[in-house]
Amino acid sequence: MKTLSTNKAFGGVQGVYSHASAETKTDMTFAVFVPDHPAGEKLPVLWFLSGLTCTYANVMDKGEYRRLASELGLIIVCPDTSPRGEGVPDDDSYDMGQGAGFYVDATEEPWAINFRMRSYIELELLALVAQQFPADMERQGIFGHSMGGHGALTMALRNPDIFKSVSAFAPIVSPLHCPWGEKALGEYIGANQAAWRAYDACALIDDGARVSDILVDQGTADQFLEEQLKPNLLVEACERAAIPLTLNMREGYDHSYFTISTFMDDHLRWHAERL
């Protein structure tokens, strides 16, 4: 692991790091905030997965999480959204390729070699964080925004033994039923929609996956609300499975980091209570 930068903030350290990934076969960059803490103490870990077109830097620069994360004693890990670099497949559209990894392990060419964001986060980066930071890996939560909200929900549902808490801002709750998901999963996973179900929160719930509870914040002025996000589908899936869901429809808020930063504290406290 290489240290690219460190800055002191609210008594802790905001760092940016890179490493050579065996999963993506590229160098990957990620950010970690570590609060001030007594020597030898291990802290709970909260993962934030970003949305389409983003890198680790979007939430690091605009998420406004450090003040309360420092107070609550939460390590915040912010991975990138895809592999990047020369020779990595890409697409001219913003919702495929670099910056749009959808947190899947691709099985279709040309994506299969590099686009392994599921295994990168669930296995490789988890192990690196455990090795390099004062992280209590028995106390991990996960949240994210939009495509990252989809990633957070699906990773928590697939790994309830790893992620003990989950929340999301404006998540894509059912890629099986929206244009973003249909395009990305069709390209990355192939035409067999049965294979998509491992990457669809509503389908995972219907297939028996369970978490203790879920928090979602969704703006009513979000331009993607009706066509892409469809939180009503998650409400219905959670009702069928008796999973407690707190869905806050935030009047007048949109899909931007203005919304995320407004409600970030609520999510940090949600995870801190559970971790």
**Message:** Please give me the minimum heavy-atom distance between Gln218 and Pro231, naming the atom from each residue.
**Reply:** CG-CG, 4.3 Å
**Request:** Might you work through the side-chain contact (heavy atoms from CB on, under 4.5 Å) test for Leu46 and Gln140, ending with a clear yes or no?
**Result:** CA-CA 6 Å; Leu46 183 55; Gln140 295 189 82; over 6 Å; no
**Asked** Rounded to the nearest 0.5 Å, how far apart are CD1 of Ile172 and CG of Leu234?
**Response** 13.0 Å
**Request:** Check whether any side-chain N or O of Thr3 sits under 3.5 Å from a backbone N or O of Ser5 as a donor-acceptor pair, and report yes or no.
**Result:** no
**Item:** Pair Arg197 + Asp206, salt bridge at N-O below 4.0 Å
**Value:** no
Got a list of side-chain donor-acceptor pairs under 3.5 Å for residues 128-136, not counting sequence neighbours?
residue : atom : partner : partner atom : Å
Asp136  : OD1  : Glu138  : N            : 3.0
Asp136  : OD2  : Arg139  : NE           : 2.7
Asp136  : OD2  : Arg139  : NH2          : 3.3

**Request:** For His19, enumerate each residue passing the ring pair (Phe, Tyr, Trp, His ring centres under 6.0 Å) test, keeping only those at least two apart in sequence or located in another chain.
**Result:** Phe30, Tyr120
**Asked** Is the side chain of Lys230 donor-acceptor paired with the backbone N or O of His177 at a distance under 3.5 Å, no angle test?
**Response** yes
**Asked** Judged by atom type as modelled, is there a donor-acceptor pair below 3.5 Å linking the side chain of Arg84 to the main-chain atoms of Met28?
**Response** no
**Item:** CH2-CD1 distance between Trp47 and Ile75, expressed to the nearest 0.5 angstrom
**Value:** 10.0 Å
**Item:** Reported OG1-to-CG distance for the pair Thr154 and Asp200, which is rounded to 0.5 angstrom
**Value:** 9.0 Å
**Message:** On a heavy-atom basis, which atom in Thr220 and which in Gly252 lie closest, and how many Å separate them?
**Reply:** OG1-N, 2.8 Å
**Message:** Going by salt bridge (charged side-chain N to carboxylate O under 4.0 Å, His left out), name the pairs with one or both residues in residues 13-42, residues two or more places apart or in two chains.
**Reply:** Glu23-Arg116
**Prompt:** For Gln14 and Arg66, does a side-chain donor sit closer than 3.5 Å to a side-chain acceptor?
**Reply:** yes
**Prompt:** Which atom names give the shortest non-hydrogen contact between Ala170 and Leu229, and what distance separates them?
**Reply:** O-CD2, 3.6 Å
**Message:** Suppose we screen for ring pair (Phe, Tyr, Trp, His ring centres under 6.0 Å). Which residues come up paired with His267, at least two apart in sequence or across chains?
**Reply:** Phe169
**Asked** Who pairs with Tyr65 by ring pair (Phe, Tyr, Trp, His ring centres under 6.0 Å), at least two apart in sequence or on another chain?
**Response** none
**Request:** Grab the two heavy atoms, one from Gly141 and one from Leu275, that are nearest each other, plus how far apart they are.
**Result:** N-CD1, 3.7 Å
**Message:** Do Gln223 and Asp254 pair up side chain to side chain, a donor and an acceptor below 3.5 Å, judged on atom types alone?
**Reply:** no
**Prompt:** Would you say Asn159's side chain and Asp161's backbone share a donor-acceptor pair under 3.5 angstrom?
**Reply:** no
**Prompt:** Quick check: does any side chain N or O of Glu187 sit under 3.5 Å from a backbone N or O of Ala184, one acting as donor and the other as acceptor?
**Reply:** no
**Fill in**
Test ring pair (Phe, Tyr, Trp, His ring centres under 6.0 Å), reference His145, set Tyr257, Phe48, Phe258, output is Tyr257
**Message:** Can you confirm whether the side chains of Thr29 and Asp80 place a donor and an acceptor under 3.5 Å from each other?
**Reply:** no
**Any donor-acceptor pair under 3.5 Å from Arg158 side chain to Ala198 backbone** = yes
**Asked** Nearest heavy-atom pair of Ala241 and Ile205: which atoms, and what distance?
**Response** CB-CG2, 3.5 Å
**Asked** Measuring from Leu126:CG to Phe163:CZ, what's the distance to the nearest 0.5 Å?
**Response** 5.0 Å
**Item:** Side chain Ser70, main chain Phe10, donor-acceptor under 3.5 Å
**Value:** yes
**Request:** Look up atom CG in Asp213 and atom CG in Leu245, then write down how far apart they are to the nearest 0.5 Å.
**Result:** 9.5 Å
**Prompt:** Of all heavy-atom pairs between Ser174 and Leu233, which one has the smallest distance, and what is that distance?
**Reply:** CB-CD1, 3.9 Å
Let me check something: any side-chain donor-acceptor pairs from residues 94-115 under 3.5 Å, sequence neighbours excluded? List them with distances.
residue : atom : partner : partner atom : Å
Tyr94   : OH   : Trp180  : NE1          : 2.9
Asp95   : OD1  : Ser93   : OG           : 3.1
Asp95   : OD1  : Lys183  : NZ           : 2.7
Gln98   : OE1  : Gly85   : N            : 3.3
Gln98   : NE2  : Val88   : O            : 3.1
Tyr103  : OH   : Ser50   : N            : 3.1
Tyr103  : OH   : Ser50   : O            : 2.7
Asp105  : OD1  : Arg118  : N            : 3.3
Asp105  : OD1  : Ser119  : N            : 3.0
Asp105  : OD2  : Ser119  : OG           : 2.5
Thr107  : OG1  : Ile189  : O            : 3.1
Asn114  : ND2  : Thr24   : O            : 2.9

